[in-house]
Protein chains: 2
Amino acid sequence: MDAGYEAHLRVGSVTVDGRDVALLRAVADHGSLNAAATALGRSYSRAHSRLGDLEEALGPLVDRERGGADGGGSRLTDEGRALLARFDRLAAALDGTATTERLVLDGTVLSREGRVAVVETPAGRVRALALTDDDRVQVSFRADAVTLHRPSGAPEGDETSARNRFEGTVTGVDRAEAVAGVTVDVGAGSPLVVRVTTDSLDRLGVEAGDAVVASFKATATRATRAYDT
Amino acid sequence: MDAGYEAHLRVGSVTVDGRDVALLRAVADHGSLNAAATALGRSYSRAHSRLGDLEEALGPLVDRERGGADGGGSRLTDEGRALLARFDRLAAALDGTATTERLVLDGTVLSREGRVAVVETPAGRVRALALTDDDRVQVSFRADAVTLHRPSGAPEGDETSARNRFEGTVTGVDRAEAVAGVTVDVGAGSPLVVRVTTDSLDRLGVEAGDAVVASFKATATRATRAYDT
DNA sequence: GACCGTTGTGTCGCCATCGACACAACGACG
DNA sequence: CGTCGTTGTGTCGATGGCGACACAACGGTC
């Protein structure tokens, strides 16, 4: 069971999705809407009308020329390129969250203050952004939202804004291409996985068996409904 | 122009989306598939067949009983509840990234090592996960991925895994319900926004005009194509 | 002036999806 | 044994989206 998403940008009445972006990108690559549509296996007429709808809401996205020795063609405007960049950033952000592993802890809410809740979990107390009013929750946060520290250099509460902290021992290091996964036993049922660059890993000098401190921000952790019973 | 997404979980041949989850949730609330379908304005027959497709791929999701004084009814199985919890976590994660503001910096890649690139930006050098082979990139990261430090307590390079760091001065603090947005001038065109709990803010004692250090992890920052000309 | 590959329109029909509807089976309860 | 509100099926028609296709307009080039 793997997680996925479909990104879109909503502007006024239209929502531009990955399909639209693929079309624009193909226009940029092929130099004509006709070639772009056929390259994507789509009909020109549909692509044309869709592009018209997009431009009605977003302003000119492509410069079009017709006639001439080569028959004409279409190229992206600056706005069109900006839209591609914007969508790429959104896709990058979403892709990161859909594919990045998360640590999930069962817990119960002890207190709330606005959207911030203090949750008791097997690994300790955690502050999280609560998205439910239930008190039985699951607390989760991303593997790349956790920063590792040596116990000696771990920050005290008053000096940093990352006040969720677990102390634990490293159980394994999985080095991949420039990025490593460090698994830390923090006393919970499942281990905490932290994504770190291999570079950082070497500087920290962390190995299996070492004691480390893992810290992460309350605003980066979420509490959702547990749905038990 | 606001960003959005459509979450789904892919299992084998079916993809369960928000519509399916809404149906399951309605079943849990109303105690029968019939009531759930009508409550959602959907036809029973379609809801029934869709549920059958889901269960064919996922195993039993609802306990169904027919007959009896009350005519019978349906209730979620443990697997069904687990699916709801799983989807809620995914939705929470995606919702966080789609709505959380990001700082975007234009930059050029100086060097690469695997997927990790060193990028020169107006605010300084940054390590990021590169999603493109282009050298003209935009570096972006989430407002809740940045941790603030007092200059005195800011960690040195060897003691933490968060090695991207900007020094700057606070230009404003926007307190909302339990969460505050701190804007920091880091020398780039647009200011850096950091999401912090008001509690952390008070502990740090940060006010406008103060010098602070902002740190964030390379694995939490992305480099995407800039698309200029 | 003919040619060519575009852009710009409109129409037609296919196909998937979904609501609407009809009807059998079920089983506890009065 | 009849009643009732379910579950379990199937069919029909409306709707929307999209490909396929046809055809005019355009404007450099040969």
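Both backbone and side-chain heavy atoms feed into the values below; hydrogens, waters and symmetry mates do not. Letters A, B, ... mirror the listed sequences (proteins, then strands); counts begin at 1.
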| field | Min side-chain heavy-atom separation A/Asp20-A/Arg50 under 4.5 Å | value | yes

| Are A/Arg142 and B/Asp144 close enough for a salt bridge, meaning some N to O gap below 4.0 Å? | no

| message | What is the distance, to the nearest angstrom, from the CG atom on A/Asn34 to the C1' atom on D/dG19? | response | 14 Å

| query | Is it true that atom CZ of A/Arg175 has more than 12 heavy atoms of other residues, nucleotides or ligands lying nearer than 6.0 Å? | reply | yes

| Looking only at side-chain N and O atoms, does B/His48 come under 4.0 Å of OP1 or OP2 in D/dT7? | no

| message | Whether the B/Arg89 and A/Thr224 side chains hold a donor-acceptor pair (N or O, under 3.5 Å, no angle test) is what I'd like checked. | response | no

| Side-chain donor-acceptor contact under 3.5 Å, A/Arg102 with A/Ser140 | yes

| task | Could you run through nucleotides 18-30 of chain C and give me one letter per nucleotide, 5' to 3': B if any protein heavy atom sits under 4.0 Å from the base, S if only the sugar-phosphate is that close, - if neither? | result | BBBB---BBBBS-

| task | Rounded off to whole Å, could you give me the NE2-to-C1' distance for the A/His30 and C/dT7 pair? | result | 18 Å

| request: Can you tell me the distance, in whole Å, between the CG atom of A/Leu51 and the C1' atom of C/dT6? | output: 14 Å

| task | State, without any angle test, whether B/Asp134 and B/Tyr227 hold a side-chain donor-acceptor pair at a distance under 3.5 Å. | result | no

| Is a donor on one side and an acceptor on the other found under 3.5 Å between the side chain of A/Thr108 and the backbone of A/Arg136? | no

| query | Is a salt bridge present between A/Arg127 and B/Asp199, judged by a nitrogen-to-oxygen distance below 4.0 Å? | reply | yes

| request: Would you please test A/Glu101 and A/Arg195 for salt bridge (charged side-chain N to carboxylate O under 4.0 Å, His left out) and show each step? | output: CA-CA 9 Å; A/Glu101 56 272 63; A/Arg195 288 268 155 230; 2.6 Å; yes

| message | Can you tell me how the ring of B/Phe166 sits relative to the ring of B/Phe141, calling it parallel under 30°, perpendicular over 60° and tilted otherwise? | response | tilted

| Stretch residues 53-64 of chain A: residues that reach within less than 4.0 Å of DNA chain D through a heavy atom | none

| note | the helix from C/dG1-D/dC30 to C/dG30-D/dC1: angle between terminal helix axes, five bp per end, to the nearest 10 degrees, reads 10°

